[in-house]
A.B. asks: 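First, the structure itself, so that you have it in front of you.
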Number of protein chains: 2
Amino acid sequence: MTNPSFALSALADPTRRGVFERLASGSASVGEIAAELPVSRPAVSQHLKILKEAGLVLDRAEGTRRVYQIDPAGLGAIRAWLDQFWAIALDAFKAKAEGEEIAARKGKHK
Amino acid sequence: MTNPSFALSALADPTRRGVFERLASGSASVGEIAAELPVSRPAVSQHLKILKEAGLVLDRAEGTRRVYQIDPAGLGAIRAWLDQFWAIALDAFKAKAEGEEIAARKGKHK
DNA sequence: AGCTTGGGTTAGTCATGACTTACGGTAAGT
DNA sequence: ACTTACCGTAAGTCATGACTAACCCAAGCT
């Protein structure tokens, strides 16, 4: 759950990213979200369930409505996972650039 | 392509994350990766193709082998996309915490 | 030249999941 | 109590995609 796997696969779906990005502009109910997206209300409900299980979304009951908003938890998990590779990626990039310099100078590479 | 959509959906698959995480510990050829994962070599080849299109991986020819390594581009795209929601998520969290304080004090919420 | 090694591609199968329709359930209004 | 509004769940359909087996291609070696 603190595992980014769920958050990553949750944000892989375009419709689900749409729901998530909609919530980024303010909390909203299921019906409101469905009205602004080209899918039915049950579809939105299912997507919100997955987003909630991924720790990307919070929900609270407000009368008969259910208001959803963004949860920083899932976002943080993805960020932490990404940062794990950030330094490595930069090193690889640096090594690649240096390799190209050598290749340009010697016309060959390791 | 600078769009994080491809990178996100690419990293959604567990096997593909395995390939990517393997490359984080150093560049490797297709056969080497396939030997360390419970999938066939063609499967790895297909995954690498998708990772490459997502800007997450770079490849260079080395004799008859093909060596892959991590590309910072796709990682950066995801990071930029995430940062777009980071401030919003923190605001939501802050608002939620304050709401809970009020709820604890008054036994009710907005 | 042939042989071997390492990879990408294709065809086809199978599972996952996104979606809609129909239904059940709860909270407020009359 | 009945109705209305809002939501979640179940069942079923359909498309996407992950995988393997078989094939083809290129590079190096004898």
Side-chain angles (χ1 to χ4, degrees), chain A residues 3 5-23 26-54 56-69 71 74 103 107-110, chain B residues 3 5-23 26-69 71 74 103 108-110:
Chain A
N3 193 303
S5 314
F6 301 98
L8 278 171
S9 57
L11 291 177
D13 183 70
T15 304
R16 220 139 48 206
R17 269 201 308 277
V19 172
F20 185 75
E21 293 178 359
R22 164 61 184 86
L23 289 179
S27 52
S29 68
V30 179
E32 289 171 355
I33 300 173
E36 302 173 14
L37 291 180
V39 287
S40 68
R41 188 192 49 73
V44 173
S45 206
Q46 292 167 0
H47 283 308
L48 285 170
K49 181 179 182 180
I50 295 177
L51 288 173
K52 184 181 175 182
E53 290 172 353
L56 286 163
V57 147
L58 289 169
D59 65 327
R60 85 187 97 102
E62 197 159 293
T64 149
R65 307 193 327 154
R66 215 134 227 289
V67 180
Y68 285 83
Q69 68 181 28
D71 182 358
K108 209 169 152 52
H109 47 66
K110 175 194 158 191
Chain B
N3 194 303
S5 315
F6 301 96
L8 279 170
S9 57
L11 292 177
D13 183 70
T15 304
R16 219 139 47 206
R17 268 201 308 277
V19 172
F20 186 74
E21 294 177 359
R22 165 59 184 86
L23 288 179
S27 52
S29 68
V30 180
E32 290 171 356
I33 300 174
E36 302 174 14
L37 291 179
V39 287
S40 67
R41 188 189 49 72
V44 173
S45 207
Q46 292 167 359
H47 284 308
L48 285 170
K49 181 180 182 180
I50 295 177
L51 288 173
K52 184 181 174 183
E53 289 172 354
L56 287 163
V57 147
L58 289 169
D59 65 328
R60 85 187 97 100
E62 198 159 293
T64 149
R65 307 193 327 155
R66 217 135 224 289
V67 179
Y68 286 82
Q69 67 180 25
D71 182 359
K108 209 169 155 44
H109 48 66
K110 176 198 155 190

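Numbers restart at 1 for each chain; the letters A, B, ... are given by sequence-line order, proteins then strands.
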A.B. asks: For the pair made of CZ in B:R66 and P in D:dC25, what is the distance, rounded to whole Å?
C.D. replies: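 Between P of D:dC25 and CZ of B:R66: 17 Å.
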A.B. asks: Quick one: the dot-bracket string of DNA chain C, using Watson-Crick and G-U wobble pairs with both distances under 3.5 Å, [ ] for crossing pairs and | for bases paired to another strand.
C.D. replies: ||||||||||||||||||||||||||||||
A.B. asks: Calculate the interatomic distance between B:R65 atom CZ and C:dT4 atom C1'; express it in whole Å.
C.D. replies: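 Nearest whole value for this atom pair: 16 Å.
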A.B. asks: From CG of B:D13 over to C1' of C:dG17, roughly how many Å is that when rounded to an integer?
C.D. replies: 13 Å
A.B. asks: List the steps and the verdict of side chain to side chain contact (heavy atoms under 4.5 Å, CB included) for B:H47 and B:D13.
C.D. replies: CA-CA 9 Å; B:H47 284 308; B:D13 183 70; 3.4 Å; yes
A.B. asks: Ignoring hydrogens, what is the shortest heavy-atom contact between B:G74 and B:A7? Give both atom names and the distance.
C.D. replies: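 Closest approach of B:G74 to B:A7: O-CB, 4.2 Å.
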A.B. asks: Can you identify which nucleotide, out of D:dC7, D:dA18, C:dT9, has its nearest atom closest to the A:S29 side chain?
C.D. replies: D:dC7
A.B. asks: Under 3.5 Å, is there a donor-acceptor pair between the side chain of B:S9 and the main chain of B:S5?
C.D. replies: yes
A.B. asks: Any idea which heavy atoms bring A:S27 and A:R60 closest together, and the distance?
C.D. replies: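 Residues A:S27 and A:R60, closest heavy atoms: OG-NH2, 4.0 Å.
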A.B. asks: Side-chain contact test, heavy atoms from C-beta onward, threshold under 4.5 Å: evaluate it for A:R17 versus B:L8 and give yes or no.
C.D. replies: yes
A.B. asks: Which comes earlier along DNA chain C counting from the 5' end, the contact point of A:S9 or that of A:T64, where each point is its nearest nucleotide?
C.D. replies: A:S9
A.B. asks: Check the distance between D:dA18's C1' and B:H47's NE2 and give it to me in whole angstrom.
C.D. replies: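 Spelled out: NE2 on B:H47 to C1' on D:dA18 is 6 Å.
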A.B. asks: Within this structure, what is the CD-to-P distance between B:Q46 and D:dA18, rounded to whole angstrom?
C.D. replies: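 Answer to the nearest Å: 9 Å.
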A.B. asks: Do side-chain atoms of A:R41 reach the backbone of A:A34 as a donor and acceptor pair under 3.5 angstrom?
C.D. replies: no
A.B. asks: So B:R66 and B:L48, do their side chains get closer than 4.5 Å, heavy atoms only?
C.D. replies: no
A.B. asks: Looking only at heavy atoms, which two atoms of B:L23 and B:Y68 are closest? And how far apart?
C.D. replies: CD2-O, 3.4 Å
A.B. asks: Between atom CZ in A:R60 and atom P in C:dT26, what is the gap in whole Å?
C.D. replies: 22 Å
A.B. asks: Hey, which of B:K52, B:Q69, B:K49 is the one that makes side-chain hydrogen bond (donor to acceptor under 3.5 Å, both in side chains) with B:D59?
C.D. replies: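 With B:D59 as partner, B:K52, B:Q69, B:K49 yield a single side-chain hydrogen bond (donor to acceptor under 3.5 Å, both in side chains), made by B:K52.
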A.B. asks: Please list residues of residues 15-22 of chain B whose heavy atoms come under 4.0 Å from any atom in DNA chain D, ordered by number; otherwise none.
C.D. replies: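 The answer is B:T15, B:R16.
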A.B. asks: For the residue pair B:I33 and B:A28, what are the closest heavy atoms and their distance?
C.D. replies: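 That closest heavy-atom pairing would be CG1-CB, 3.9 Å.
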A.B. asks: Rounded to the nearest angstrom, tell me the gap between atom OH in B:Y68 and atom P in C:dG7.
C.D. replies: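 That distance rounds to 9 Å.
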A.B. asks: To the nearest Å, give me how far apart CG (B:D59) and P (C:dG6) are.
C.D. replies: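 Atom CG in B:D59 sits about 18 Å away from atom P in C:dG6.
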A.B. asks: Using a 4.0 Å cut-off on heavy atoms, which residues in residues 32-45 of chain A reach DNA chain D? List them by number, or say none.
C.D. replies: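 The stretch gives A:R41, A:P42, A:S45 as the residues lying under 4.0 Å from the strand, ordered by number.
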A.B. asks: Would you call B:L37 and B:R22 a side-chain contact if the rule is heavy atoms closer than 4.5 Å?
C.D. replies: no
